[in-house]
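On a predicted model such as this, the values are computed, not experimentally measured, just so you know.
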Amino acid sequence: MTIALKPSSRRRAPFRDKADRQGLGLTVLAWAIGLFFFIPFLWMVLVSFRSETDAATNPPQLFAPFSVEGYRNFFGADPWGPLLNSATASVLSTALVIALAFPAAYALSIRPVKKWQDVLFFMLSTKMLPIVAAILPIYLFAQFSGLLDNILLLTIFYTSMNLPIAIWMLRSFLAEVPVEMIEAAQIDGANLRTTLRQVIAPVVMPGIAAAALICFIFSWNELLLARVLTSTVAQTAPVYLTGFVTSQGLFLAQVCAASLVVSIPVLTAGFAAQDKLVQGLSMGAVK
């Protein structure tokens with residue numbers, strides 16, 4: 001008769017203690033990295049509520065009196081035009097990217113076309129060309145077509161810039177959709193449009209939200225194209241921020257106030273979609 005002996009708790013305790021210590025170490029490291037990236041943002045917020053005199057002191061004063069002088073000067077300069085231009089270009093380009101990337105990712109994942117890997121790598125190769133190398137042809141095209149300082153041209157370029165990234169992201173999400181769901185919808189008589197809208201889209205909604213948020217952030221923060229292709233009418237918020245660095249000097253409190261205001265839409269979108277963003281970026285990570 002054979003008796004199976006359970007391993008004693010003494011033998012498991014050292015391994016459990018080691019795992020607990022490793023978990024605690026990773027937690028402390030994660031908090032340290034988070035604080036490392038958060039402290040500059042916190043410092044920008046504090047400086048934005050100082051007067052220009054206190055903001056320019058070296059070394060900086062931590063407990064200087066608060067002031068809204070920077071915000072008063074920023075909003076007094078009428079920044080609503082550039083903010084509206086950034087919102088228009090970012091929202092429209094993101095909507096176009098998702099509308100084009102969703103069916104393209106479907107064709108490359110659930111219903112793969114011939115040489116679909118070559119198609120994916122071709123899209124990825126378009127991101128390997130530095131934008132500086134193509135800025136002159138882009139400028140000449142905009143000048144020849146009469147679309148300089150036009151928010152529509154900027155929207156088109158933002159769409160083409162973010163489309164490969166969105167297709168790659170959505171393709172990885174759609175690859176996790178069970179084919180049986182699509183076959184069941186087709187048996188029930190659903191056409192392709194209905195299948196995409198009512199069957200597939202709800203399943204991969206976290207992935208769509210993640211791709212949309214990333215495309216929105218990239219479009220909102222883009223500076224080089226907006227700097228070259230716009231001047232006054234279609235000037236975006238990042239271009240508007242560069243105007244605070246003048247020959248008269250750097251008005252630090254006003255720059256920090258302007259940077260904080262320009263960052264609010266991205267921060268708001270990130271906080272509003274953080275659950276779907278984390279869920280979407282982690283889809284397919286664990287089999």
Would N162 and F216 count as a side-chain contact (heavy atoms from CB on, under 4.5 Å) here? Give the steps. CA-CA 9 Å; N162 293 324; F216 177 81; over 6 Å; no
Between T94 and A212, what is the shortest heavy-atom contact and its length? CG2-O, 3.4 Å
Scanning both residues in full, the closest heavy-atom pair of W220 with P238 reads O-CG, 3.2 Å
Pairwise side-chain contact, D149 with L229, heavy-atom cut-off 4.5 Å (strictly under): no
Sequence neighbours excluded, which residues qualify as ring pair (Phe, Tyr, Trp, His ring centres under 6.0 Å) partners of F157? none
Heavy-atom check, side chain of T230 versus side chain of L225, under 4.5 Å: no
Sequence neighbours excluded and cut-off under 3.5 Å, please list the side-chain donor-acceptor pairs for residues 194-206, or say none.
residue : atom : partner : partner atom : Å
T194    : OG1  : N191    : OD1          : 2.7
T195    : OG1  : N191    : O            : 2.8

Tell me, please, which residues at least two apart from Y240 pass side chain to side chain donor-acceptor pair (under 3.5 Å). none
Check for me, please, whether M169 and F218 land in the same ILVMFWY cluster - side-chain distances under 4.5 Å, paths through other members count. yes
To the nearest 0.5 Å, what is the distance between OG1 on T236 and CD1 on I151? 7.0 Å
Which atom names give the shortest non-hydrogen contact between S67 and S51, and what distance separates them? CB-N, 3.8 Å
Indicate every side-chain donor-acceptor pair of residues 82-89 with a distance under 3.5 Å to a residue at least two apart or in another chain.
residue : atom : partner : partner atom : Å
N85     : ND2  : G81     : O            : 3.3
N85     : ND2  : V233    : O            : 3.0
N85     : ND2  : Q235    : O            : 2.9
S86     : OG   : P82     : O            : 3.4
S86     : OG   : A237    : N            : 2.7
T88     : OG1  : L84     : O            : 2.8

Are any side-chain N or O atoms of E69 and backbone N or O atoms of R50, one a donor and one an acceptor, separated by less than 3.5 Å? no
Closest contact, heavy atoms only, S259 versus M44: CB-SD, 3.6 Å
By side chain to side chain donor-acceptor pair (under 3.5 Å), which residues pair with S160, not counting sequence neighbours? none
Single-linkage hydrophobic cluster, 4.5 Å side-chain cutoff, Y158 and L100 together: no
Would you compute the distance between atom OG of S263 and atom CD1 of I217 and round it to the nearest 0.5 angstrom? 11.0 Å
N/O donor-acceptor pair under 3.5 Å between N150 side chain and L152 backbone: yes
Please state whether the rings of F75 and Y71 are parallel, tilted or perpendicular, taking 30° and 60° as the class boundaries. parallel
Shared-cluster residues of L35, by chain and number - hydrophobic side chains joined below 4.5 Å: none
Just how far is it from atom CH2 of W31 to atom CZ of F38, taken to the nearest 0.5 Å? 10.5 Å
Using 0.5 Å steps for rounding, measure from the OG atom of S231 to the CG atom of L148. 8.0 Å
Verify same cluster id: I182, I208 (apolar side-chain graph, 4.5 Å): yes
Shortest non-hydrogen contact from T159 to V97? O-CG2, 3.5 Å
Does some side-chain heavy atom of L170 sit less than 4.5 Å from a side-chain heavy atom of Y106? no
Which value, rounded to the nearest 0.5 Å, describes the distance between C256 atom SG and F49 atom CZ? 11.0 Å
Transitive ILVMFWY side-chain link V266 to L223, under 4.5 Å: no
In this structure, would L42 and L260 fall into the same cluster of hydrophobic residues linked by side-chain contacts under 4.5 Å? yes
Are any non-hydrogen side-chain atoms of I138 and V228 less than 4.5 angstrom apart? no
Closest non-hydrogen contact found for E222 with M161 is CG-CE, 4.1 Å
To the nearest 0.5 angstrom, please state how far the CD1 atom of I165 sits from the CD1 atom of I214. 8.0 Å
Taking the six-membered ring for Trp, are W168 and F121 parallel (under 30°), tilted (30 to 60°) or perpendicular (over 60°)? perpendicular
